[in-house]
Each structure stands twice: as C-alpha cells, then as structure tokens.
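Structure, as structure tokens:
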Amino acid sequence: MHASTAPWWRDAVFYEIYIRSFADGNGDGVGDLLGVRSRLQYLCDLGVDAIWLTPFYTSPMADHGYDVADYRAVDPLFGDLAQIDALLAAARERGLRVIVDLVPNHTSDQHEWFREALAAGPRSPERERYMFRPGRGASGELPPNNWTSRFGGPAWERVTEPDGQPGEWYLHLFAPEQPDLNWRNPEVVEEFDDVLRFWLDRGVDGFRIDVAHGLFKEPGLPDTENGLHPSMLGYVGPSPMWNQPEVHGVYRRWRRILDSYDDSRMAVAEAWAQDSEDLARYVRPDELNQAFNFAFLQAPWSAAALRDVVNESIQATAGVGAATTWVLSNHDVARHVTRYGDGELGRRRARAALLFMLALPGSVYLYQGEELGLPEVADLPEEALADPIWERSGHTERGRDGCRVPLPWSGTQPPYGFTSEDVQPWLPMPECWSTLTVAAQSEDPDSMLSLYRTALRARKDHPALGNGTLHWLEACRDGWSGGESGTQGPHALAFAREPGLVCAINCGDTPVALPEHQGMLLASEHLDNDKLPPNTAVWLTR
Ligand code: NOJ
C-alpha cells in the first residue's frame, strides 16, 4: 500500500500505557488519567503517534482492571469520564491518537449482569449471559470439565444458589473474579456493539481487544486432552477454549462499526494463535486491523530465528492484505532487556532490537519503560506481589509484577517523581534506578531514551521507513549483495528498504563487515571502522 494512501495506523508507533504504573496525578501511589495527561508532552517528544490505555473502567481490580464491572464508567482510582474527555482533547491537540482496551471475554464478578445471574438461579436468561453448567458427579460436586484457568487452578467455580444450596458452576478462563461471557447469546453481542459505539462517540481512535481469541468455546465444552493450562503467553495449540471459528463473525461485525465512523478508527487483536497463518485470519480485510505479533516477541536472539519470524509474519499478513504489528514487550511478559540477557548484554541487544524493529515494514507497539531500558524487577518482596497469578498458583509463580513497576521520572530515590515524595508507590521501586530516570537519561546522548527519540524521529523522516516492503541482502565473498537469505554467516542479517536504506544487525559474538553504503544514519553502539560489532544494529544509507 502506498504511504500516502495508507490509513494512519498501518505504520504508526503506538505506546502502551499501563495506567497504574505510568504517572500518579493525585498522589495516592497509583497511576491515573491525570498523570497521563500531565505527561503527554513527554510522549510527543519521544515521537510516538498513538497511545494505548490499559483498562481504566470501574473495577474491583482483581486483575488490575481486566475485570470490568462497568464498561461505560471510569474507576475513581483512575479518574472519571470528564478526565477521559480532557485526556482525549489534550491528546488530539497534540496530534496523538488514543486507543483504549476492550475486555470482551469476561466481566468482573461485580458486574451487574453477574450479580443478576447469581440471584436469578439456574436456567434463567440472566445465567445465559455467562457460561454456567451443572457439575459432574453424583451431586454435581465435580467441575463440568477438566479445563484449567490461565492463572492456575480449575477454570470453574461452584456457586451457592439463592436457596443456600451448592449449585451450578461457572467458567472463568482467568481469575474466578473474571467470569467468561457467553458469546453465543445475542444479548452479549449487542451489548458490546453498544460499548464500542459509546467510546467511539467519545472520540477514541480504536481498541485493543483483550483475549481476542477466547470469546467462543467449542460447543459441548469437551475435556482437553491433557488438562494442562498453557502459560500466560505461551503457545496456544488447537484447543476447545481458543481460536474457535465463530470468533471471526464478531470481528466482522466490529469492523463494520469501526468503518461507520470517519477518521480511520481501528482495532488491534491480542490473540494467541497457533501460527502466523492462524493469526492472519484476525486481520483479513473485513476483520480487525492489526494483531500483535507475539512470535516476534518470543523469538530467541538469533539471526536465523529473527529472519524466519520476519519472513513468516510478512508473508502471512501480506497474504490477507494487512501489515505486520511488531512488539517486543508488554505488561504480561518479562521486560526484553532482561529476556535478552540482562545487564550490559541485555541493554545492547535491546538497543539493536529497537533499530531492527523500527526498520521493518508495518506498525510497532512500545511498552512504557522500554524507552528507559528498564529491566524486569525480579526481586520484589513476596508481600508486595499483587498479580493474581501469585495467589492462584499457590505461590509457585510470581506473576507479572516485575514488568509493571512504576516509571522513574526524576530524582535520585524512590518514588522518582512517579508519585508524591512521601507516598509509597503501589509496587516498590528499586533503589538503583536513579540513572534510569527520564530526567537523567534526557541529558545523556548515549542513553536508551536518546536512542528511542532519535530513532523514532528518523523513522518518521525517512521515506523508506514505515509502510512498504523489504528485501534481504545476502552475504558474499566481499560483503553483502542482493539475495534471498539475508544472513552473513549464521549471526548477522541485513535488509534494504527503498529508497536507499539498509538495516543490518549482528546477533553474534564477532564483528562483521558492514553492507555497502554511502553514509550512516544511526547505530545502536559506536562503530569501529567499517565493522558492525556484536549485538549491534545500524541504519545505513546507500
Ligand atoms: C490479557 C491481559 O493483557 C492480561 O493482563 C489480563 O490478565 C488477561 N488478558 C485477562 O484479561
């Protein structure tokens, strides 16, 4: 698709704001909408095009907002509807787009519908909005099937009926406080049409669809073969819980709603699919606009693995006319500086990965704090752990708090300007983050933050970057030339974008020759002569 005719989202850089941990505007130790609004200039200076706000809706916070009690209201912890309107207006003024999280697979157990379902009893229309079933065993004392929750333990909870007797069970693929909705019920479908319109009318640019692959369950709810629960963000093979064909009907419906508004409204799927082909079904021309490329996020640090995942993803999405949506981190996975090796090695690789990712065709999602090179905080004290996974796993899995520690903005000690000085942030912040603050890094041209700012500006300015295609350069005796493989030895990769840009990355331990070039636009480390050092990427002009 030609750059000038492409909709804005096709090559946009999005920035995920995990609202609890971004900036605290009211001094209670938890990030909020006021905090986001007060830091919009930071995001403009960083150079992103859009922000994705994680759930800010009314919620008892059993899963930090992914348990929604009212889809049309803002939780007082984060602000109110007036705050959202003010944030949307302030973002629009600065040319920043805003997408919001939509959580359609489950509600909170405090949602009005679920309370009504409990009160109404078995076989009532109120229960038909959820997945209630009688138990197995002589007196229904066993769960309806062997499914397990993604947060650990069984995926079923037994309820006490209005007459005080133990009764039916309801399905929750996540925490018991997150009952799954019944998407075969037209009332559920219509309710979400209306929720979508509610937020589109308020002016949001689109949605991030939570658990987009989960809405429908195989009829009959058959036992799974091994009863195993896939890890939070693990490979999802064929399963009666995920990727059922009916889910695509919902996204066709939503696409019609999105397209009925002006200004290219869009939606991105959080879908865990079996492979790139399966994922591409979510972004067919009449379905959602984007789907996170988690295969890229999970690729090991190897030139061959990166090349394969890029090829496969581009091929699959191009096959349905979509662009690919690259992502390295989010609020559910360990931060990539740490995944890539932690310390200096992880930092170097993260810098190289950024230049590699930003040079690929398509859109990009950044996760707050990656621009500061924040590492995973692996040593949070047990009493501070707040992810439901910690409790549900019987304290065997620490969960996702390590990537959700609040952002350090300024100063030399916690809470580093995240909240008022004498207030404890909702998760403790490390004592050793004084060099990682926004303020400290802003002054340092070699910092991670400076690299992000420079690279995002260069990506915007260079006509070859963003939409388009790539072709790999192949190593030959004298260096690199056009070809199919794109690797030099097993450790380096280079590709060209037209007009006139080459990106090369060295994932190995020894320097490699730079591809032929005229000048250098940007490098993730200082270069020695014409060699690309280990764990380094470069943008060259030619
Ligand atoms: C995916 C979200 O990203 C995660 O944080 C949440 O716990 C689950 N979906 C359940 O809503």
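These numbers come from a predicted model, not from an experiment. Whatever order the structure lists them in is the order used to number ligands and atoms, beginning at 1.
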Distance under 4.0 Å to a non-hydrogen atom of [X]: what atoms of ligand 1 satisfy this?
{"X": "His106", "value": "10 (C), 11 (O)"}
{"X": "Val211", "value": "9 (N)"}
{"X": "Arg404", "value": "5 (O)"}

Taking the six-membered ring for Trp, are Tyr340 and Trp301 ring centroids under 6.0 Å apart? yes

Please confirm whether Phe292 and Phe294 have ring centers closer than 6.0 angstrom. yes

Taking 4.0 Å as the limit for heavy-atom contacts, which would you say applies to [X] with ligand 1: side chain only, backbone only, both, or neither?
{"X": "Phe151", "answer": "side chain"}
{"X": "Glu16", "answer": "neither"}
{"X": "His331", "answer": "side chain"}

When you measure from the heavy atoms of Arg400 to every atom of ligand 1, does any distance fall below 4.0 Å? yes

Between Phe151 and Pro388, the two heavy atoms sitting closest are CE1-CG, 3.9 Å

Please verify the inter-ring angle class for Phe114 with Tyr130; under 30° counts as parallel, over 60° as perpendicular, anything in between as tilted. perpendicular

Run the side-chain donor-acceptor check on residues 319-328: report pairs under 3.5 Å with partners two or more places apart or on a different chain.
residue, atom, partner, partner atom, Å
Thr324, OG1, Thr317, OG1, 2.8
Thr325, OG1, Ser363, OG, 3.4
Trp326, NE1, Pro361, O, 2.9

Out of Asp210, Asn330, Leu173, indicate the one that has the non-hydrogen atom closest to atom 9 (N) of ligand 1. Asp210

Listing request: all salt bridge (charged side-chain N to carboxylate O under 4.0 Å, His left out) pairs with a residue in residues 99-111, at least two apart in sequence or in separate chains. Asp101-Arg208

